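Predicted model, so just to flag it, every value in this text is computed and none were measured. Naming: A, B, ... by sequence-line order, numbering from 1 per chain.
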Number of protein chains: 2
Amino acid sequence: MGDTGAVAKLSDVAARAGVSVSAVSRVLSGDPSARLSEATRERVRKAAGEVGYHPNFAGRALKLARTDVLALIVPDVTNSLFAELTRGVEDEAVARGCVMLLARSEDMQPGGSLFDRLLGEGRVDGIVLQPRDGTDPDELAQSVGERAPLVTIHQPIPGASSVVVPDALAARRATEHLIALGHRRIGFAGGLAGSPTARRRAAGHLDALEEAGLEQDPHLVTWRGYREQDGRASTAELLALPERPTAIVAANVNAAVGVLAQARAQGLAVPEDLSVVAVHDAWTAGHTWPPLTCVRMPLYELGRTAVAALAHVIDGGAIEHRSVEDPEPVLIRRESTAEPRG
Amino acid sequence: MGDTGAVAKLSDVAARAGVSVSAVSRVLSGDPSARLSEATRERVRKAAGEVGYHPNFAGRALKLARTDVLALIVPDVTNSLFAELTRGVEDEAVARGCVMLLARSEDMQPGGSLFDRLLGEGRVDGIVLQPRDGTDPDELAQSVGERAPLVTIHQPIPGASSVVVPDALAARRATEHLIALGHRRIGFAGGLAGSPTARRRAAGHLDALEEAGLEQDPHLVTWRGYREQDGRASTAELLALPERPTAIVAANVNAAVGVLAQARAQGLAVPEDLSVVAVHDAWTAGHTWPPLTCVRMPLYELGRTAVAALAHVIDGGAIEHRSVEDPEPVLIRRESTAEPRG
DNA sequence: GCCGTTTGCGCAAACGATTGATCAGGCGTT
DNA sequence: AACGCCTGATCAATCGTTTGCGCAAACGGC
């Protein structure tokens, strides 16, 4: 395609089309205020195609002080929970002409080098960040300072935009499902007590109980965390109660996997002896045994919204806090829930 | 930290230290051939620290024609199989002073925009690519052309370096394990017939059978693919045989999950009625029911080696094809394998 | 046929960092 | 006293792109 081995630049196109570099730049960038004859435009486009021209990233970024790169930083890139979020972020980024840079937040200790590398060096225009669970919002806010367009996910921090999903409503739907099946004693395997999402989900769970006029035994609510082993621990705790719950709401799919494992380890059949429903959904939920009943959250839309919010900040807009309400959390009935044993 | 809201540049540091821009550049880049007094160096370093200087990425990239960014392109970033690979790539990239750009290969159809975006625009110095299963090597090679430092993983293509893991040996270890347990009729749930890794693994499996003097019934080898549903299909096929296998080697963890699901669906208990062992290992393998016996592959080292190979190409080295032999594939015994039912 | 306006395009100055070339002194040598 | 050399630091060109401004030619109205 190209004539030489070297990468074509603006001046190559200009030479081939017999016009100046600036003319080429204007044609190719589609500058509407540029006054260029259609004949010239056509010649330039043809020449650009012939030499396989692509604008040099560095030159452009230097001049425009903008890279069109957005970073998405999540605790663990390979966690299936982030699949949809990642797709949403990428789709919206591409729709806005940006490239997405995916990074793990492991190397993200306050003062860590990743932030400096990305923002300090001007590698990215902005960051969508999902803080690791247990991160102190104030500490993080201080570490970020004012220096960067930033949107956090799930956990608002001072001085930055944020986007959340309706955690309370989702947990409420999960609990309502169990109540509708006839369960009366329902355990809650929650996230860390310090986690905002965990608090919201617990609140939604309790709301549903209250609305149904059911007991709110504090022993039935645990705060172990979102990991598989946390789900295990929560379940062990709940099943050790003098009066066992007949169902458990897990605040997260990974924790739910732990709930299933622990139930099995204690010889309980799911859903016959214990119903399990998880907040969140992911492809892994269909591969567990039994497949998990879940409340699907709008994570794809969360990703898209986060990028939109980020773009807003980059364009000089004010900080804002959004919640993704559409589509609503919806229950995906699989095989881990059933009526309590007579 | 910084004095003003704006990002500090070289000239700011120079002004503060009372020296020229070039002096600052030389001090900060640690140029050994630079003749600068220790006093000046110290003043420059102090000034740089005070204003919180970070070299502007675009300016540097433009001048050096190098971005120190490496792209890792995998079929699906959220697949747990890529967790270790990703860590290996990132660790080695960081060790070499590079940033890793993680991307999905979905948008990677030949002629697709991602390649152009990354390489044509000079956003990355090179690419580590794991082609989607079923990709035609020649087509891909043609699409890439000579235009970029590229290292492929698992699947060599013409004109680019490649790194593989000992697939045959891993499959052999899996099959040997089953033979040692006493199995004589062993099914193989393989990848697509067109996939090089699948062929290598199947060959290793057959080698083990041959060495043990066991039958090599072609009906016991299937070629459905690496996905969960492929494992299901393979299993259905194998279990429909007049003489059922007592064990199945799954060519991949995801396929193995499908094997487990299908076995259960047909009322078979694992490992009592059917033993299952998977090539590859991933954290998900410990979360299935029962937890999967696996052959662990050196995927972390694969990632590191791939980046090393890429760096070699970028530095002008010759194309080369490596195999990661250390550490060797090793069997991780979990609960999905047992002696065949007497 | 003269003047003001529009059209079509090129010149040149940034953007920030790197680096070969250059320059001003101080010192030792002849 | 004139010379060359080494040290310490600056000058200026360069990477590829964008964009405000200037300049000619064409055009229209009187």
#### Entry: Rounded distance in Å - CZ (B/Arg66) to C1' (D/dG16)
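Whole-Å distance recorded here is 17 Å.
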### Task
Measure the distance from CG on A/Asp12 to C1' on D/dT17 and round it to the nearest whole Å.
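So the two atoms are 13 Å apart, to the nearest Å.
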### Query
Reckon A/Thr40 has a side-chain N or O less than 4.0 Å from the OP1 or OP2 of C/dC9?
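Result: yes.
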### Task
With rounding to the nearest 0.5 Å, note down the distance linking CZ in A/Arg123 to CZ in B/Arg123.
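Separation between the atoms: 12.5 Å.
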Does any part of the side chain of [Y], heavy atoms only, come nearer than 4.5 Å to the side chain of [X], both counted from C-beta?
X        : Y        : answer
B/Val163 : B/Ser323 : no
B/Val44  : B/Val19  : yes
B/Thr305 : B/Val307 : no

## Note on the structure
In B/S/- notation (B base, S sugar-phosphate only, - none; protein heavy atoms under 4.0 Å), nucleotides 17-25 of chain C written 5' to 3' is BBBBB----
### Query
Using the C1' atoms of five pairs at each end, what's the angle between the two axes of the helix from C/dG1-D/dC30 to C/dT30-D/dA1, to 10 degrees?
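Rounded to the nearest 10 degrees, the bend comes out at 60°.
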### Query
Is it true that a side-chain atom of A/Arg16 and a backbone atom of A/Ala48 form a donor plus acceptor pair closer than 3.5 Å?
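Here the side-chain-to-backbone pair does not exist.
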#### Entry: Backbone N/O of A/Gly59 and side chain of A/Asn56: donor-acceptor pair under 3.5 Å
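Answer holds: yes.
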Anything under 3.5 Å between a donor and an acceptor, one on a side chain of residues 149-156 of chain A, the other on a protein residue two or more places apart or in another chain? List them.
unit_1   : atom_1 : unit_2   : atom_2 : d
A/Thr152 : OG1    : A/Gln155 : O      : 2.8
A/Gln155 : NE2    : A/Thr135 : O      : 3.2

### Query
Do you see a donor-acceptor pair shorter than 3.5 Å between the side chains of A/Asp76 and A/Thr78?
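The answer is yes; a qualifying pair exists.
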